[in-house]
There are 2 protein chains.
Amino acid sequence: MARRRQAVTIRHVAAEAGVSLQTVSRVINNGPNVREAVANRVKEAIARLDYVPSIAAQRMGGSRSYLILALNDRDRTIADWRQRQGTDWVDQMLLGGMLKCAEHGYRLIFELVDTHSDHVEREILAALAALQPDGVILTPPHSDNPLITGLLAAQDLKFARIGSLEARPGMAVSMDDAGAAALATARLLELGHERIGFIAGSPDYSISASRIEGWRRTMVEAGLGTDLLAEGDFSFASGRRAADQLLTAASPPTAIIASNDQMALATLELARERGLKIPEDLSLISFDNTPLVCFTLPPLTAIDQPIAEITATAVQHIIDAMAGRAVPDAPSIIPATLIERGSTALRKAGPKG
Amino acid sequence: MARRRQAVTIRHVAAEAGVSLQTVSRVINNGPNVREAVANRVKEAIARLDYVPSIAAQRMGGSRSYLILALNDRDRTIADWRQRQGTDWVDQMLLGGMLKCAEHGYRLIFELVDTHSDHVEREILAALAALQPDGVILTPPHSDNPLITGLLAAQDLKFARIGSLEARPGMAVSMDDAGAAALATARLLELGHERIGFIAGSPDYSISASRIEGWRRTMVEAGLGTDLLAEGDFSFASGRRAADQLLTAASPPTAIIASNDQMALATLELARERGLKIPEDLSLISFDNTPLVCFTLPPLTAIDQPIAEITATAVQHIIDAMAGRAVPDAPSIIPATLIERGSTALRKAGPKG
DNA sequence: TTGAAAGCGCTAACAT
DNA sequence: ATGTTAGCGCTTTCAA
């Protein structure tokens with residue numbers, strides 16, 4: 001293997017501009033103490049030579065690596081990829097994260113970490129030692145793992161935690177789950193529904209409670225009951241059970257909100273089996289808005305989880321922190337939107353008035 | 001910003017093992033000239049200290065960067081991400097590429113490049129200068145761009161070109177498009193079809209010709225006519241036009257193969273509008289097998305494009321080349337498989353016997 | 001405001 | 001088979 005060297009280095013730029021290495025370095029890093037005339041001469045030289053600093057050398061010199069590490073759950077991510085059900089969490093992360101990184105000359109490195117392993121710690125430390133990123137983005141279920149967050153905090157690394165509402169350590173960035181559930185509920189109220197059921201997600205996830213809360217609050221504010229609550233665990237099977245529980249209630253719902261797409265799909269299936277037409281007999285709103293909900297019959301009205309925007313915000317926070325700019329102390333809450341498709345409709349005037 | 005240094009360096013390992021830096025370096029790189037006893041002492045020290053080499057420093061020392069750069073088309077990739085139609089090309093690339101990289105201590109860095117820009121060259125050179133990857137993976141439409149391939153060849157970089165059949169420069173890795181089309185055609189023949197139409201893709205892509213060729217060859221071998229060929233450009237609209245052309249033929253097909261999913265979807269839609277039931281009246285096979293074809297009614301039988309395996313092969317070639325191992329001179333052709341779903345059936349015994 | 005010197009962690013080349 | 005030296009490209013001291 002030929003020893004590959006940089007074609008044009010800071011040294012060439014210095015020579016071309018007739019200044020010292022240090023001055024070039026200052027210009028690159030927007031450092032102080034450079035006369036504008038000199039800075040311009042350097043910039044011209046850089047442009048003329050198409051000079052681009054080596055991030056390896058920058059890191060070695062003790063500066064940044066311009067790398068941000070995004071850590072995702074290994075098993076879950078690979079399972080999603082293998083299943084090919086159209087889950088686009090990773091794509092949306094890249095969309096928001098990579099583009100935001102690129103805006104600032106950073107790069108996003110996507111990495112998988114095995115949560116269940118007893119050496120998560122070692123795994124992450126190894127990645128940090130090898131890559132020496134300037135910041136790290138944690139996604140569920142890593143976001144609230146004290147082993148991981150503690151480790152990052154100890155390393156004095158900037159890091160963002162996605163999908164968590166705990167303010168510290170690191171910077172929390174999350175969707176407004178309560179607000180989103182409230183939004184969905186309010187829309188159903190607008191459509192005339194009063195018996196609105198809610199299928200909750202796994203209580204292990206903090207978002208589940210938030211989503212319940214948004215629904216409950218809105219129902220209470222409208223003077224309606226909150227008895228139509230069923231618990232699932234985000235799986236299709238649990239969604240069926242929960243939907244069954246709701247639909248066999250003494251006074252069944254005319255609308256259901258499911259805490260994720262899989263459970264919404266299960267509800268759709270069960271409702272159809274029970275002879276209920278959607279949206280005529282039952283309105284249905286889903287959470288997450290993965291691509292597959294466009295392909296159901298009817299396509300599902302859904303709360304869109306703004307993953308791209310969340311990730312972009314996480315990146316922005318890290319870069320701001322690196323630059324010594326102020327970053328919010330409280331969790332950043334990104335609002336969600338409701339995408340109306342074919343699974344919601346005005347409540348039918350029925351026997352119950 | 002605190003100057004972040006490596007917690008444990010090669011120096012610590014050397015001290016711990018009581019050897020020189022160079023010996024440690026030799027052990028890390030599986031270099032020759034180290035007694036097994038010494039090597040083991042060093043390895044133990046590495047394990048004890050949880051030492052992981054800094055890739056930045058490795059790069060600076062003139063060795064590898066353990067980075068492989070995957071270059072994708074910027075506009076198209078972002079458009080796919082934004083549309084959220086479930087296209088999982090990127091995911092499958094990561095699945096195959098990242099995991100294979102990880103097996104060998106490499107990392108895959110995913111990067112977008114603007115094909116249409118007049119400064120593609122500058123853009124890529126900048127990425128190379130900044131990251132100094134050991135290898136590059138090109139995807140269509142970059143794979144056959146002489147500007148890009150020339151530039152990589154000039155840099156003496158190992159690189160693989162996905163989806164190309166031209167052997168040089170770099171290493172071509174491609175799906176067996178002709179074989180896949182032949183496979184689909186043969187399966188339809190087995191099902192009793194004789195009038196098998198083919199919707200071709202854009203002639204700008206070399207894969208289009210290969211797919212046509214596989215179909216034509218198989219038809220000819222079966223002693224059947226190849227008049228039912230219509231050209232599209234991979235878009236939904238072109239698929240509709242092509243399907244219309246085939247279905248209004250004097251002697252229309254009982255089965256159609258479309259060169260990609262979008263055109264298959266268009267065919268499905270048009271067929272239904274014309275009162276044709278699928279698969280009873282018309283069998284349909286699609287190419288690519290993106291997630292969305294599972295969600296149509298009926299789900300489509302499709303040729304699965306083995307992107308993960310192709311990417312894994314590309315990575316393997318680069319790593320082999322880096323290690324000085326022999327790499328194939330001819331393009332690596334990865335076989336495709338046919339996923340049978342609900343859009344294919346035995347030909348109905350019809351008036352035409 | 002600028003420049004010179006030292007060093008980051010590692011490896012190649014050259015000793016021994 | 002092992003150790004020593006020099007240097008990768010850059011940035012941070014520090015000096016001018």
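Reminder, nothing fancy here: chain letters follow the sequence lines and each chain counts from 1. The figures that follow rest on heavy atoms only: side chains count, while hydrogens, waters and symmetry mates do not.
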Would you say Thr9(B) reaches dC8(C)'s phosphate, i.e. side-chain N/O to OP1/OP2 under 4.0 Å?
no
Hey, is the side chain of Ser63(B) poking within less than 4.0 Å of OP1 or OP2 on dC10(C), counting only N and O atoms?
no
Side chain of Arg35(A) (C-beta onward), nearest among dT11(D), dC10(C), dT2(C):
dT2(C)
CG of Asn33(A) versus C1' of dT12(D): gap in Å, rounded?
14 Å
Length of the CD-C1' vector between Gln58(B) and dG7(D), whole Å
17 Å
Would you say that Val113(B) contacts Arg74(B) through its side chain, given a criterion of any heavy-atom pair below 4.5 Å between the two side chains?
no
Starting at the 5' end of DNA chain D and moving along, which residue's nearest nucleotide shows up first, Ala39(B) or Arg59(B)?
Ala39(B)
Rounding to an integer number of Å, can you tell me how far Arg11(B) CZ sits from dG3(D) P?
15 Å
Heavy-atom distance under 4.5 Å between the side chains of Ser65(A) and Gln58(A), does that happen here?
no
Does Arg26(A) get its side chain close enough to the base of dG3(C), under 3.5 Å, for a donor-acceptor pair?
yes
Grab the CE-P distance between Met60(A) and dG7(C) for me, whole Å please.
14 Å
Ranking dT2(D), dA12(C), dA4(C) by distance to the side chain of Ser20(A), first place goes to dA4(C)
Report yes if at least one side-chain N or O of Thr23(B) is closer than 4.0 Å to OP1 or OP2 of dT2(D); otherwise report no.
no
Over all strands shown, is Gln22(B) touching base, sugar-phosphate only, or nothing at heavy-atom distances under 4.0 angstrom?
base
Over how many whole Å does the gap from Asn30(B) atom CG to dA12(C) atom P extend?
13 Å
Would you kindly give the CD1-to-P distance between Ile55(A) and dT11(D), to the nearest whole Å?
12 Å
Using a cut-off of strictly less than 4.0 Å, decide whether Tyr66(B) has a side-chain nitrogen or oxygen near OP1 or OP2 of dC10(C).
no
Should Glu103(A) and Lys100(A) count as an ion pair when the cut-off is N to O under 4.0 Å?
yes
Without decimals, in angstroms, what is the distance between Arg64(B) CZ and dG9(C) C1'?
18 Å
It should be established whether Ser54(A) places a side-chain nitrogen or oxygen under 4.0 Å from OP1 or OP2 of nucleotide dC8(D).
no
Is there a side-chain contact between Ile68(A) and Val136(A) (heavy atoms, below 4.5 Å)?
no
To the nearest Å, give me how far apart CG (Leu21(A)) and P (dG7(D)) are.
15 Å
Tell me what Pro53(A) touches on the nucleic acid: a base, only sugar-phosphate, or nothing, going by heavy atoms under 4.0 Å.
sugar-phosphate
Could you go step by step and tell me if Asp50(A) and Arg122(B) meet the salt bridge (charged side-chain N to carboxylate O under 4.0 Å, His left out) rule?
CA-CA 8 Å; Asp50(A) 274 333; Arg122(B) 192 191 312 261; 2.8 Å; yes
Taking for each residue the nucleotide of DNA chain D bearing the nearest heavy atom, is the 5' side occupied by Ala57(B) or by Val34(B)?
Val34(B)
